[in-house]
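Predicted model only: the values in this text are computed from it and were never measured. Numbering of ligands and ligand atoms starts at 1, following listing order.
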Amino acid sequence: MINLEVWKSLQQSFTPKGVTLIAVSKTKPASDIQDLYNAGQRDFGENYVQELVEKQAILPSDINWHFIGHLQSNKVKYIAPFVHLIHAVDNAKLLNEINKQALKNNRIIDVLLQYYIADEETKFGMDKAEIKELVSNKVALTNVRICGLMGMATNTDDLNKVRSEFARLHAFLLELKANYFANNPEFNKCSMGMSGDYELAIAEGSNMVRIGSLLFGNRVYPA
Ligand SMILES: *Cc1c(COP(=O)(O)O)cnc(C)c1O
């Protein structure tokens with residue numbers, strides 16, 4: 001089941017602001033994706049490699065597939081032929097493997113670096129020093145384009161905390177842009193905000209929100 005009314009109102013509010021809506025379809029059937037595609041949605045986000053590969057094979061070829069989950073280096077090869085944007089790059093080994101697989105597929109693959117902004121042990125990502133080290137060594141990456149940052153805020157009712165985490169991510173994006181990507185116009189993507197916090201994220205500079213349950217309903221994970 002998809003919520004078309006919610007989708008329409010989100011698209012209407014995001015389009016004039018230049019915010020890309022990524023419909024996060026993990027665990028949801030391909031038929032839900034097709035329904036939202038028929039309404040006009042083109043950007044979809046998935047978290048699991050096998051699930052993404054299966055869906056990609058049977059759904060329209062002009063879908064922009066965003067890989068938003070934690071990605072293991074040994075699985076990059078399965079999504080490298082078609083993935084549109086990899087959001088959660090959190091180490092140099094993974095970045096090098098994406099470059100290698102992009103080269104094999106004769107593609108340039110766009111990626112975001114995951115910046116750790118939350119207060120939770122469970123979330124992946126890099127700190128400022130790790131990201132700076134990684135972007136200082138980016139010259140060797142011929143087939144990867146670093147297009148910005150992605151992050152997830154702490155899961156809390158404390159809106160001030162969430163807001164300040166988003167603000168921190170956006171400020172770091174601007175700092176990196178000035179110091180490492182001044183001549184890279186593609187370095188402008190700020191992927192933050194989900195169903196519960198996208199408004200705060202946009203207020204703090206997000207231009208890419210990843211929304212699942214608002215569009216597709218709550219997820220039920222297999223036991
Ligand atoms: C599942 C997921 C989302 C979507 O979450 P909702 O709360 O359902 O909108 C967004 N980003 C990431 C990284 C996710 O794993």
query = Is it true that Asp119 and Lys161 make a salt bridge, defined as a side-chain N closer than 4.0 Å to a carboxylate O?
reply = yes
request  = Give the single entry among Ser213, Ala23, Gly45, Gly193 that approaches atom 7 (O) of ligand 1 most closely by any heavy atom.
outcome  = Ser213
key: Per-atom contacts of ligand 1 with Ile211, taking only distances under 4.0 Å to non-hydrogen atoms   = 9 (O)
ask   = Of all the non-hydrogen atoms in the protein, which one sits nearest to atom 5 (O) of ligand 1, and at what distance?
value = Arg219 NH2, 3.7 Å
ask   = Ser195 heavy atoms, cut-off 4.0 Å: which ligand 1 atoms fall inside?
value = 6 (P), 7 (O), 8 (O), 9 (O)
note = min-distance protein heavy atom vs atom 11 (N) of ligand 1 -> Arg210 NE, 2.9 Å
remark   = In terms of its nearest heavy atom to atom 1 (C) of ligand 1, the top option of Met150, Lys26, Met194 is Lys26
inquiry  = Would Gly212 count as being in polar contact with ligand 1, using the rule that some N or O on each side must be under 3.5 angstrom apart?
reply    = yes
inquiry  = What's the separation between atom CZ in Phe44 and atom CG in Asp32, rounded to the nearest 0.5 Å?
reply    = 9.5 Å
request  = List the closest protein heavy-atom neighbour of atom 13 (C) of ligand 1: residue, atom name, distance to the nearest 0.1 Å.
outcome  = Ile68 O, 3.6 Å
ask   = Under a 4.5 Å cut-off applied to non-hydrogen side-chain atoms, are Gln56 and Ile63 in contact?
value = no
message = Side-chain heavy atoms nearer than 4.5 Å, only ILVMFWY residues, links allowed to pass through others: does that put Leu36 and Phe14 together?
response = yes
ask   = Roughly how far apart are Leu71 CG and Asn47 CG, rounded to 0.5 Å?
value = 11.0 Å
query = About how many Å separate CD of Glu165 and CE of Met192, when rounded to the nearest 0.5 Å?
reply = 11.0 Å
Path from Leu215 to Tyr198 over hydrophobic side-chain contacts below 4.5 Å = yes
message = Heavy-atom contact check, 4.0 Å cutoff: does Asn47 meet ligand 1?
response = yes
